[in-house]
Protein chains: 2
Amino acid sequence: MRESAVKERILDVAARLFYQQGYNSTGINQVIDEADIAKGSLYNHFPSKSDLLVAYLQQAHERWFADMEVYLSPIKDPRKKILGLFDFRLNRQLVSNFSGCQFIKASAEIGRGEPKAMDQIKMFKDRLNNYILSLVKQAEHKKFLTDEMLTDTIFLLLEGSSTTGVIQHSPEATRKAKKIIEQFL
Amino acid sequence: MRESAVKERILDVAARLFYQQGYNSTGINQVIDEADIAKGSLYNHFPSKSDLLVAYLQQAHERWFADMEVYLSPIKDPRKKILGLFDFRLNRQLVSNFSGCQFIKASAEIGRGEPKAMDQIKMFKDRLNNYILSLVKQAEHKKFLTDEMLTDTIFLLLEGSSTTGVIQHSPEATRKAKKIIEQFL
DNA sequence: TTTTGAGTAGACAAGTCTGTATATTTTTAT
DNA sequence: ATAAAAATATACAGACTTGTCTACTCAAAA
């Protein structure tokens with residue numbers, strides 16, 4: 001017996017609004033209006049707005065990795081997979097019209113007032129870091145940097161590309177980051 | 001005739017609250033309470049909350065560069081100045097308890113609904129990029145990367161260190177970024 | 001067929017938000 | 001000293017906030 005379609009609709013609408021308008025700027029009433037459900041239903045599935053935020057981040061986490069694995073699965077060479085990460089980032093920037101990383105955005109907005117949400121954000125970034133490290137270990141690279149340092153470079157360049165993409169409203173930073181990493185492979 | 005002390009107090013309190021709690025989570029009433037001024041005075045100096053945000057970003061911009069120039073002025077070697085940028089970042093992270101970059105935070109919160117504020121943010125990051133470029137041009141480095149690419153690397157690593165510092169609540173990322181740049185100098 | 005659970009619609013509480021207005025006092029400048 | 005400007009305290013409008021609650025409908029299961 002599958003999960004309620006109502007719950008899915010709430011989560012999808014909340015995800016879109018939290019991401020595009022921000023968590024604080026999105027009211028419960030807007031979520032129920034656009035999801036076209038009753039307020040009681042929302043509070044039946046999510047005890048509070050904060051729980052809805054955590055659920056949104058959880059879903060975003062799972063979807064991000066699922067999408068990424070689909071995107072990178074045709075690529076076999078680990079070096080090309082690493083570069084593919086930047087193309088994947090680029091794609092998402094174009095599709096989202098440079099709205100930025102969901103997790104960075106959330107963390108900037110909530111500060112330390114939402115510990116469960118912050119944990120979700122940390123877990124996502126940790127997993128990304130570990131994934132990059134596993135690719136780097138598989139890849140033959142110039143060893144100008146150690147595996148760990150190259151991993152950090154890739155991770156930090158990706159993070160920098162995210163925020164810079166938002167501010168410049170352009171894919172330039174991500175393209176430059178990719179070119180930089182190409183020098184190391 | 002110096003600028004009204006009231007205006008200064010408003011701006012300083014707003015700066016602190018906007019930065020620590022976020023713009024959306026800070027109400028005008030909290031600002032006037034903590035600044036201990038009347039609501040009418042606030043709206044006399046700043047026609048709207050949005051204008052107060054822009055003024056805050058302007059002030060933060062000027063102060064950031066002023067502080068940085070003080071911090072780096074005893075250093076003469078351009079390579080050490082570049083590394084000093086990471087120490088400066090580290091200092092600010094420790095002092096602010098890893099609250100993150102003021103401009104990234106603001107840009108994450110306001111989206112494209114505040115064009116004047118976004119312009120301020122862009123101007124800050126542009127100026128930072130130009131400053132890094134001028135240091136790189138003065139510095140003798142290994143030329144593993146071109147001047148422009150090394151500039152982008154430094155800039156993006158600094159940006160990545162900011163967001164990662166917030167999420168991990170630790171100075172590790174900034175220290176690693178510095179070590180990476182050391183390899184290029 | 002009856003009971004149970006999910007969903008709906010909407011009122012409501014209690015408070016917050018930005019911004020305006022008014023009347024009064026304090027400060028500054030001439 | 002007087003007139004103008006700046007700051008004060010405070011009330012208010014109108015909209016919005018999260019979350020609770022009631023009364024009702026409908027569908028599926030027992």
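This structure is a prediction, so every number in the text was calculated from the model and none was measured. Lettering of chains follows the sequences in order, A, B, ..., and the numbering in each one begins at 1.
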Without decimals, in angstroms, what is the distance between Phe46(A) CZ and dG19(D) C1'?
16 Å
Above 12 or not: heavy atoms from other molecules or residues under 6.0 Å from CD of Glu140(B)?
no
Let me know the distance between OH of Tyr43(B) and P of dA11(D), rounded to the nearest Å.
18 Å
Residue pair Ser50(A) / Glu114(A), side-chain donor-acceptor N/O under 3.5 Å
yes
Could you go through nucleotides 7-9 of chain D and list every protein N or O atom that sits under 3.5 Å from one of its N or O atoms, giving the distance for each pair?
{"residue": "dA7(D)", "atom": "OP1", "partner": "Ser4(B)", "partner atom": "OG", "Å": "2.8"}
{"residue": "dA7(D)", "atom": "OP2", "partner": "His45(B)", "partner atom": "NE2", "Å": "3.2"}
{"residue": "dT8(D)", "atom": "OP2", "partner": "Ala38(B)", "partner atom": "N", "Å": "3.0"}
{"residue": "dT8(D)", "atom": "OP2", "partner": "Ser41(B)", "partner atom": "OG", "Å": "2.7"}

When you measure from the centre of the six-membered ring of Tyr23(B), is the NZ or CZ of Lys49(B) closer than 6.0 Å and no more than 45° off the axis?
yes
Using 4.0 Å as the upper bound for N to carboxylate O, is an ion pair formed by Glu172(B) and Lys176(B)?
yes
Separation of dT20(D) atom P from Lys49(A) atom NZ, nearest Å, is 15 Å
Does a side-chain N-to-carboxylate-O contact under 4.0 Å join Asp36(B) and Arg9(B)?
no
Could you tell me whether Lys116(B) and Asp51(B) have a side-chain N and a carboxylate O separated by less than 4.0 Å?
no
If I take atom CD1 in residue Ile32(A) and atom P in nucleotide dT20(D), what distance separates them, rounded to the nearest angstrom?
14 Å
Which whole-number value in Å describes the distance from Leu42(A) CG to dG7(C) C1'?
13 Å
Stretch residues 10-31 of chain B: residues that reach within less than 4.0 Å of DNA chain C through a heavy atom:
Thr26(B), Gly27(B), Ile28(B), Asn29(B)
Rounded distance in Å - CD (Glu8(A)) to P (dA6(C))
16 Å
Before accepting this row, confirm whether a basic side-chain N of the pair Arg63(B)/Asp12(B) lies closer than 4.0 Å to the acidic partner's carboxylate O.
yes
Got a salt bridge between Arg16(A) and Glu34(A), using NZ or NE/NH1/NH2 to carboxylate O under 4.0 Å?
yes
